[in-house]
Amino acid sequence: MVLLHVLFEHAAGYALFAVREVEEIGLLLPQVEESVLTLGKFHNVVKLVAFSPFRSAQSALENMNAVSEGVLHEELRLLLDTALPPKRKKVVLGVGDAKMGAAVLEELGVQCQTGGVVAELMRGIRLHFPALVRGLTAQSAAKAQLGLGHSYSRAKVKFNVHRVDNMIIQSISLLDQLDKDINTFSMRVREWYGYHFPELIKIVPDNSMYCRVAKFIGNRRELSEESLEGLEEIVMDSAKAQAILEASRSSMGMDISPLDLINIESFSRRVISLSDYRKGLQEYLRSKMSQVAPSLSALIGEVVGARLISHAGSLTNLAKYPASTVQILGAEKALFRALKTRGNTPKYGLIFHSTFIGRAAAKNKGRISRYLANKCTIASRIDCFSEVPTSVFGDKLREQVEERLAFYETGEPPRKNLEVMKEAVVEANEVVAEVKRRQEKKEKKRKKREKRRLEALAAAAEEAAENSVMETEENDVGAKKKKKKKKQQQPEESEAEPEPEENGVEEEEEEEPLPKKKRKVVVEPEQEEEEEEKKKKKKKKKKAVAQDSEEH
């Protein structure tokens with residue numbers, strides 16, 4: 001009898017179920033579909049054999065990546081080794097993915113089954129999974145699924161910030177769109193300003209330069225010898241500037257109103273700003289390509305390399321393509337049309353824009369495009385899978401293409417690929433070592449800065465602690481002095497107060513307030529000295545007043 005087991009991958013862990021009455025289930029698939037809906041009936045169909053929960057979210061993410069790639073993870077291998085019956089020939093394992101089934105068959109030698117009854121059983125397990133596993137609630141299962149889903153999505157989207165090819169795809173698309181828009185707008189400026197100065201179109205054929213000249217000239221009747229220097233700065237040619245000046249004096253264009261001229265100048269300013277932005281975008285694309293795909297950009301240029309990456313969808317997809325696909329990438333319509341009409345298939349696609357194919361003779365264009373596509377594939381794979389990308393391999397591959405071009409033209413034999421790659425590997429190792437050394441220096445500097453910052457924070461914390469201790473000590477000293485003063489005042493006050501009798505009842509005479517003269521006043525020695533001095537001064541004043549009165 002065949003022992004059917006079902007492997008179910010959940011966000012909480014791996015679960016292995018044994019299926020009862022396999023032969024009856026295989027014959028009666030509609031009954032399985034009915035039993036899936038109710039938990040009681042489904043309990044009679046499957047039984048939990050083993051459950052291996054994930055230790056952490058990181059472990060769950062690692063297992064999820066392994067399952068998605070069709071790789072047998074160590075935890076899953078351990079579960080299947082321990083939970084499956086020892087007689088593996090009679091065991092059939094139901095899995096949801098054919099890739100995982102092939103991996104299990106290769107690693108453990110267990111026959112795997114997908115689809116049919118297995119799909120229905122997995123549907124029921126997915127529906128009733130919290131009830132089938134003890135200690136697992138529906139709420140905790142939903143939380144595990146949500147957390148693993150977020151982490152898996154982040155891991156798929158998150159790459160190295162400096163090697164993100166999405167920015168290259170967007171920038172090359174924007175660059176192509178800007179080219180179209182600038183050409184359209186420039187033609188509009190030419191047509192609009194051509195009514196006023198039609199001769200300028202032949203003198204200045206460049207679109208961006210035409211817009212700058214039109215904005216600078218404005219009304220052609222106001223153009224004079226004084227503005228010749230400004231024209232020379234724009235057109236970068238004194239003869240051309242002189243020709244524009246002479247043409248403006250004898251132009252057959254119509255007069256234009258100041259309002260129309262303002263609109264033309266405003267539109268020209270917009271076109272100029274767009275062209276300036278395009279230059280900046282091209283520099284940005286060049287810098288990104290040197291970071292993401294330096295070998296590919298060194299081989300065929302930044303723009304063509306970016307177009308290849310954009311057309312493939314990513315650098316990884318381009319690295320997976322064979323050379324024959326890269327050769328006709330961008331010429332899919334021509335290829336399918338040729339296959340439909342049984343005509344000649346195209347020899348090149350986007351790589352036609354590289355300089356090599358244009359330099360080759362007509363009979364050698366197909367050969368050099370095939371060779372160039374081969375080198376592009378090698379360069380894209382080196383860029384995609386190398387830890388520290390360098391342009392060394394791209395430069396060497398470019399030299400090989402140059403040598404192959406010379407071979408087609410002159411017959412000079414090129415160097416062997418093995419020799420060139422050995423040289424490239426040696427140079428690349430030197431460059432990588434230099435890059436790593438710089439990175440280590442930067443890391444040391446960063447650690448030093450961090451250490452200094454922590455030391456400064458620790459010193460500041462110590463100072464604050466010392467200040468707080470000093471403040472507390474001062475407060476304690478002040479509190480002690482106050483207590484001493486209070487203790488000194490208490491006995492003096494007690495002496496001033498009348499003492500009660502033994503029975504606690506005072507005499508009526510003592511209750512009455514004493515006259516001021518009879519009251520005892522507690523006076524400190526310093527105050528007594530001051531009072532004596534005041535009395536002496538008063539006596540002196542009285543004597544002086546008495547002497548004055550006697551003299552009068």
Side-chain angles (χ1 to χ4, degrees), residues 165 168 285-286 289-312 315-331 334-335 338 344-435:
D165 50 4
I168 292 174
L285 178 65
R286 187 175 289 111
M289 281 295 291
S290 64
Q291 292 175 358
V292 177
S295 296
L296 187 63
S297 58
L299 177 60
I300 56 170
E302 292 84 3
V303 177
V304 181
R307 286 203 174 96
L308 286 174
I309 293 172
S310 176
H311 202 82
L315 182 61
T316 308
N317 291 346
L318 183 63
K320 291 177 182 177
Y321 284 163
S324 57
T325 305
V326 175
Q327 182 181 351
I328 59 169
L329 202 65
L335 174 65
N344 294 328
T345 55
K347 297 177 181 178
Y348 29 70
L350 289 170
I351 60 173
F352 176 76
H353 297 287
S354 66
T355 58
F356 298 110
I357 297 175
R359 287 160 52 192
K363 62 179 181 179
N364 296 325
K365 285 186 184 295
R367 299 165 71 185
I368 199 66
S369 67
R370 186 166 57 251
Y371 189 80
L372 181 60
N374 185 16
K375 298 304 176 185
C376 286
T377 306
I378 294 171
S380 62
R381 289 170 185 172
I382 290 170
D383 289 331
C384 183
F385 300 112
S386 60
E387 294 181 1
V388 181
T390 61
S391 61
V392 175
F393 289 99
D395 295 332
K396 293 295 181 182
L397 293 172
R398 187 179 182 87
E399 289 176 7
Q400 282 189 295
V401 179
E402 294 280 359
E403 290 175 2
R404 186 53 63 103
L405 266 176
F407 171 69
Y408 290 150
E409 292 175 1
T410 62
E412 182 182 353
R415 290 179 296 170
K416 290 184 179 179
N417 188 46
L418 186 61
E419 297 175 1
V420 178
M421 287 298 108
K422 282 182 179 178
E423 293 177 5
V425 168
V426 172
E427 292 183 13
N429 289 335
E430 293 176 358
V431 172
V432 169
E434 182 67 22
V435 170

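Since this is a predicted model, take the numbers as computed values, not measurements. Heads up: numbering here begins at 1 and tracks the sequence.
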Original post:
How far apart are the closest heavy atoms of C376 and L296, and which atoms are they?
Top reply: O-CD1, 3.9 Å

Original post:
Rounded to the nearest 0.5 Å, what separation is found between the CZ atom of R307 and the CD1 atom of I300?
Top reply: 10.5 Å

Original post:
Can you name the closest pair of heavy atoms from P346 and I328 and give their distance?
Top reply: O-CG2, 3.5 Å

Original post:
Would you say F356 and R404 make side-chain contact, with heavy atoms under 4.5 Å?
Top reply: no

**OP:** For H311 and L350, run side chain to side chain contact (heavy atoms under 4.5 Å, CB included): C-alpha distance rounded to whole Å, both residues' side-chain angles, the deciding distance at 0.1 Å, then the answer.
**Re:** CA-CA 9 Å; H311 202 82; L350 289 170; 3.8 Å; yes

Subject >> Any donor-acceptor N/O pair, D383 side chain to S295 backbone, under 3.5 Å >> reply: yes

Original post:
Which pair of heavy atoms, one from I351 and one from I357, lies closest together, and at what distance?
Top reply: O-CD1, 3.2 Å

Original post:
Would one find more than 12 heavy atoms of other residues, nucleotides or ligands at under 6.0 Å from atom CZ of F352?
Top reply: no

Subject >> Nearest-0.5 Å distance that lies between atom CD in Q291 and atom OG in S297 >> reply: 10.5 Å

Original post:
Roughly how far apart are L405 CG and R367 CZ, rounded to 0.5 Å?
Top reply: 11.0 Å

Original post:
If you take all heavy atoms of L315 and A293, which pair is closest and at what distance?
Top reply: CD1-CB, 4.4 Å

Subject >> Chi angles and distances behind the side chain to side chain contact (heavy atoms under 4.5 Å, CB included) call for H353, V303 >> reply: CA-CA 9 Å; H353 297 287; V303 177; over 6 Å; no

Subject >> Closest approach of L372 to S354 (non-hydrogen atoms, all atoms of both residues) >> reply: CD2-OG, 3.2 Å

Subject >> OG on S369 to CG on N374, rounded to 0.5 Å >> reply: 11.5 Å

**OP:** Determine whether T377 and Y321 make a side-chain contact, defined as any pair of heavy atoms from C-beta on separated by less than 4.5 Å.
**Re:** no

Subject >> Shortest non-hydrogen separation from A319 to R381 and the atoms involved >> reply: O-NE, 2.8 Å

Subject >> Side chain proximity check, T390 to I382, heavy atoms < 4.5 angstrom >> reply: no

Subject >> Separation between NZ of K396 and NZ of K375, rounded to the nearest 0.5 Å >> reply: 13.0 Å

Subject >> Sidechain N-carboxylate O distance under 4.0 Å for R359, E402 >> reply: yes

Original post:
Checking S310 side chain against A306 main chain: does a donor-acceptor pair fall under 3.5 Å?
Top reply: no

Original post:
With a 4.5 Å heavy-atom cut-off, do I309 and M289 have their side chains touching?
Top reply: yes

Original post:
Can any side-chain N or O of E403 pair as donor or acceptor with the backbone N or O of R415 at less than 3.5 Å?
Top reply: yes

**OP:** Verify, without hydrogens or angle tests, whether Q327 (side chain) and K347 (backbone) share a donor-acceptor contact under 3.5 angstrom.
**Re:** yes

Original post:
Stepwise, does the side chain to side chain contact (heavy atoms under 4.5 Å, CB included) test hold for Y371 with Q400?
Top reply: CA-CA 10 Å; Y371 189 80; Q400 282 189 295; 3.7 Å; yes

Subject >> L318 and L329, any side-chain heavy atoms less than 4.5 Å apart >> reply: yes

